[in-house]
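Numbers restart at 1 for each chain; the letters A, B, ... are given by sequence-line order, proteins then strands.
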Amino acid sequence: MRASQFLISTVKETPSDAEVISHQLMIRAGLIRKVASGLYNWLPLGLRTLRKVERIVREEMDNAGAMEVLMPAIQPAELWQESGRWEQYGPELLRVNDRHNREFCVGPTHEEVITDLIRREIKSYKQLPANFYQIQTKFRDEIRPRFGVMRSREFIMKDAYSFHVGQESLQQTYDVMHTAYSNIFNRLGLDFRPVLADTGSIGGAKSHEFHVLASSGEDDIAFSNSSDYAANVELAEALAPAGELAAPTQEMVTVDTPNAKTIEELVNGYNQPIEKTVKTLIVVAAEECEAEFIALLVRGDHELNEIKAEKLPQVASPLQFATEEQIRAVVGAGPGSLGPVNLPIPCIADRTVAKTSDFSAGANIDGKHLFGINWGRDVELPEVADIRNVVEGDPSPDGQGELVIKRGIEVGHIFQLGQKYSAALNAEVLDQNGKTVVMDMGCYGIGVTRVVAAAIEQNHDEGGIIWPESIAPFNVALIPLNYDKSEEVKTLADQLYQDLRAAGYDVIMDDRDKKTSPGVKFADMDLMGIPHRVVVSPRGIEAGTLEYKGRRDSEKQDVAIADLLQVLAEKSSR
RNA sequence: CGGAGUGUAGCGCAGCUUGGUAGCGCAUCUGGUUUGGGACCAGAGGGUCGUAGGUUCGAAUCCUAUCACUCCGACCA
């Protein structure tokens with residue numbers, strides 16, 4: 001591509017509304033432009049990278065035996081009503097009506113459509129297992145789109161769905177997809193980790209997320225420091241502390257604490273160690289539960305894990321905190337003075353709380369706390385469960401080492417759905433015995449547009465983007481100096497442009513007019529992240545050399561004109 | 001959804017307090033000089049000041065409504 005015939009839309013100034021580096025650089029390098037909140041145009045430069053990501057994903061999916069299909073973005077409400085998600089999904093599902101006032105949604109995912117398709121097409125166990133994928137535009141009406149294309153409302157996703165008779169077959173394909181995903185992210189040049197994950201609103205049994213490690217990530221991942229255990233903190237199990245509950249050493253006393261409404265004020269104002277404090281969170285109880293509310297006890301320095309709490313049979317799903325009025329009506333004291341002693345509603349204690357002695361908590365009287373509380377002596381130990389987020393230093397759930405917490409960007413997610421959708425939509429086949437069985441399903445997603453942002457988040461410097469070779473919009477930036485003035489430069493540059501393209505490189509030759517100074521060309525090519533730069537100059541020609549510089553190199557080097565292809569072949573990891 | 005903030009030229013911003021008919025930098029266009037790290041000179045084009053009402057002789061500026069965008073929060077015991 002000649003730069004003079006390509007839209008290069010670089011900007012010097014950092015856009016004021018872009019917070020994370022990938023968003024800033026995607027705008028500055030001219031990859032994307034915002035149309036409205038969470039909606040983006042992809043400019044020619046950005047699209048080149050997007051297409052390369054898609055190509056790698058497609059190749060690896062094909063290699064893994066999946067078949068490409070294409071489903072509509074707009075889906076009929078009936079299918080979603082059949083699965084039950086028309087009611088469950090909430091406002092993130094964009095619902096639209098057609099001219100006949102029939103209801104549709106813009107697809108955030110395609111379980112319903114694919115299941116409907118396959119229940120019509122596949123009738124026999126002999127056709128299974130089968131795995132179908134598409135690369136297609138999705139829409140999720142996010143509460144708060146942000147970080148550019150990282151959390152946009154419309155985005156491109158590779159979604160795949162596999163169909164099976166039996167869990168064993170599902171597990172096999174799941175493993176194949178796990179491997180395929182690792183191959184994909186390796187080829188994309190990303191530093192990633194597969195981690196155990198919660199299945200969330202999609203539903204199902206077993207699941208792994210693939211995270212690109214980056215400080216700007218929105219998810220916390222727990223890693224063991226001495227094994228390969230890795231899990232989303234939403235899921236990572238917080239083990240009970242080792243050892244027995246310590247015997248009481250303090251009497252329980254009631255203390256006036258008019259200024260302590262929070263754990264922090266209790267710790268600072270009354271000299272209580274934070275690991276000897278317990279906070280009491282009141283949530284709405286599940287319908288089948290006798291009580292209206294449930295109290296959840298978590299140590300002062302720990303955080304409630306809402307997903308774990310939601311899974312408790314006594315707790316209403318989705319999790320809902322009681323309002324202050326509700327708390328006052330039931331307990332007689334306000335938030336800030338709550339505790340397990342003399343609490344008129346059922347409690348569930350976190351495992352760590354259950355192993356804490358001599359602790360302090362609210363007295364269920366405004367402005368009073370109890371210090372030196374001990375289980376058994378002062379109040380019966382209630383039901384115990386794992387309801388908190390793991391923290392750094394916790395023992396690893398696999399029994400090996402301690403946990404370290406890092407931030408990650410979720411770029412892929414694989415699930416074993418089981419029969420959640422196939423049962424709801426009656427997706428059945430005949431097995432070997434001629435008996436009707438419900439198919440098992442797996443589903444496998446990759447956020448293609450998000451991958452582009454994640455790659456930048458992980459690969460950049462002050463000068464701009466540094467693309468991994470495999471997804472760079474161009475591999476080589478060929479920069480002729482004095483292209484308009486020197487016949488020798490023009491001849492050689494044109495020749496090299498032909499040669500490089502013939503050798504299979506995506507090359508952009510910066511032949512922009514003489515008003516575009518060399519400095520501008522260097523800065524633009526750096527910002528755009530082109531991995532290899534070759535400069536053709538009159539003084540180089542005189543010496544019979546070209547100048548080569550890799551995007552990550554600090555020094556440039558001269559190479560003989562005749563050696564260019566060989567040097568590039570060595571430098572590039574295509 | 002709750003809270004805060006911002007809308008003035010393609011981009012980044014000033015002007016608003018104290019009302020008098022819009023300005024700066026970058027970008028763009030023309031001509032010229034430059035040409036190895038975001039050049040210089042001269043000239044030019046481009047804005048119904050988010051929208052709609054109101055106050056006023058007069059509104060970017062004051063008032064009301066509305067729309068859009070951005071940020072923060074949705075863990076409080």
Side-chain angles (χ1 to χ4, degrees), chain A residues 8-20 23-24 27-28 30 33-39 90-92 141-148 257 260-266 277-283 293 295-306 309 318-324 326-328 330-331 333-340 343 360-369 387-389 462-464 479-486 489 510 512-527 533 535-540 546-547 549 556 558:
Chain A
I8 293 179
S9 285
T10 54
V11 292
K12 268 193 258 186
E13 283 172 287
T14 302
S16 57
D17 57 353
E19 279 188 284
V20 296
H23 187 195
Q24 293 171 0
I27 288 171
R28 289 226 295 132
R33 291 288 183 263
K34 186 168 75 172
V35 178
S37 177
L39 304 174
E92 210 171 289
D141 203 354
E142 297 280 351
I143 302 177
R144 190 139 92 83
R146 59 184 138 178
F147 306 151
T257 52
K261 292 265 182 240
T262 66
I263 290 291
E264 196 185 357
E265 286 160 1
L266 193 63
T277 60
V278 167
K279 54 185 175 188
T280 307
L281 309 160
I282 311 285
V283 299
F293 298 100
L296 304 175
L297 306 179
V298 181
R299 209 170 77 178
D301 55 336
H302 287 157
E303 284 184 349
L304 177 71
N305 181 313
E306 298 194 15
L319 189 87
Q320 212 183 324
F321 283 95
T323 63
E324 176 157 357
Q326 289 171 327
I327 293 173
R328 285 199 175 280
V330 176
V331 181
S337 303
L338 302 178
L343 190 66
S360 49
N364 300 320
I365 301 167
D366 277 331
K368 290 186 191 297
H369 277 76
I387 53 172
R388 71 169 171 95
N389 282 335
E462 317 72 53
I479 303 185
L481 303 179
N482 290 313
Y483 187 78
D484 299 88
K485 235 160 63 174
S486 161
V489 168
D510 200 340
R512 282 181 289 179
D513 70 20
K514 57 186 177 188
K515 291 267 183 189
T516 309
S517 70
V520 171
K521 294 179 179 180
F522 294 146
D524 275 351
M525 293 303 149
D526 283 351
L527 178 59
R533 184 180 85 189
V535 178
V536 183
S537 69
R539 102 185 163 207
L546 301 162
E547 176 196 294
K549 181 177 173 298
K556 40 204 176 198
D558 289 331

Separation of atom [atom1] in [X] from atom [atom2] in [N], rounded to whole Å:
X	N	atom1	atom2	result
A:Arg144	B:C69	CZ	P	13 Å
A:Ile8	B:G38	CD1	P	18 Å
A:Phe293	B:A77	CZ	P	18 Å
A:Leu338	B:A77	CG	C1'	5 Å
A:Ile27	B:U70	CD1	P	11 Å
A:Leu281	B:A74	CG	P	13 Å
A:Asp513	B:A39	CG	P	13 Å
A:Gln320	B:A74	CD	C1'	13 Å

### Message
I want to verify a distance call: between B:U70, B:G73, B:G38, whose nearest atom is closest to the A:Asp524 side chain?
### Response
B:G38
In whole angstrom, give me the gap between the [atom1] atoms of [N] and [M].
N	M	atom1	value
B:G53	B:A14	C1'	28 Å
B:C16	B:A60	C1'	7 Å
B:C29	B:U66	P	43 Å
B:G73	B:U30	P	48 Å
B:C62	B:U8	P	16 Å
B:U18	B:C76	P	40 Å
B:C11	B:U21	P	26 Å
B:G12	B:G47	C1'	16 Å

Base, sugar-phosphate alone, or nothing: which one does [X] contact when heavy atoms must sit under 4.0 Å apart?
X	result
A:Val520	base
A:Glu19	sugar-phosphate
A:Ile263	sugar-phosphate
A:Arg33	nothing
A:Ser16	sugar-phosphate

### Query
Hey, are A:Asp301 and A:Arg299 close enough for a salt bridge, meaning a charged N less than 4.0 Å from a carboxylate O?
yes
### Message
Let me spell it out: for each of A:Gly336 and A:Thr14, pick the nucleotide of RNA chain B with the closest heavy atom. Which residue's pick is nearer the 5' end?
### Response
A:Thr14
### Message
Quick check on RNA chain B: between A:Gly519 and A:His369, whose nearest nucleotide comes earlier from the 5' end?
### Response
A:Gly519
#### Entry: Polar side-chain contact A:Arg28-B:G12 base: donor and acceptor under 3.5 Å
no
Considering Watson-Crick and G-U wobble pairs with both distances under 3.5 Å, what does [N] pair with?
N	answer
B:U66	B:G50
B:G12	B:C24
B:A59	none
B:U18	none
B:G2	B:C72
B:U34	none
B:G45	none

### Task
Evaluate the side-chain proximity of A:Pro15 to A:Lys34: yes if any heavy-atom separation is below 4.5 Å, no if none is.
no
### Task
Output, in order, the C-alpha distance, side-chain angles, deciding distance and verdict of salt bridge (Lys or Arg N to Asp or Glu O under 4.0 Å) for A:Arg512 and A:Asp510.
CA-CA 6 Å; A:Arg512 282 181 289 179; A:Asp510 200 340; 2.9 Å; yes
Interatomic distance, [X] atom [atom1] to [Y] atom [atom2] [nearest 0.5 angstrom]:
X	Y	atom1	atom2	result
A:Lys485	A:Lys514	NZ	NZ	9.0 Å
A:Ile479	A:Phe522	CD1	CZ	5.0 Å
A:Leu527	A:Ile8	CG	CD1	10.5 Å

### Query
Would you say the side-chain atoms of A:His369 and A:Ser360 include a donor-acceptor pair closer than 3.5 Å?
no
### Query
Below 4.0 angstrom from OP1 or OP2 of B:U70, is there any side-chain N or O of A:Arg146?
no
### Task
Considering just the side-chain nitrogens and oxygens of A:Ser37, establish if one lies under 4.0 Å of OP1 or OP2 belonging to B:U70.
yes
### Query
What string of B, S and - do you get for nucleotides 23-35 of chain B, 5' to 3', if B is base contact, S is sugar-phosphate-only contact and - is no contact with any protein heavy atom under 4.0 Å?
--BS-----BBBB
### Query
Do A:Arg328 and A:Asp366 pass the salt bridge (Lys or Arg N to Asp or Glu O under 4.0 Å) test, and can you show the C-alpha distance, the side-chain angles, and the key distance before you say yes or no?
CA-CA 10 Å; A:Arg328 285 199 175 280; A:Asp366 277 331; 2.8 Å; yes
### Query
Could you walk me through whether A:Leu338 and A:Ile282 pass the side-chain contact (heavy atoms from CB on, under 4.5 Å) check?
CA-CA 9 Å; A:Leu338 302 178; A:Ile282 311 285; 3.7 Å; yes
### Heavy-atom neighbours of A:Gln326 CD exceed 12 at 6.0 Å
yes
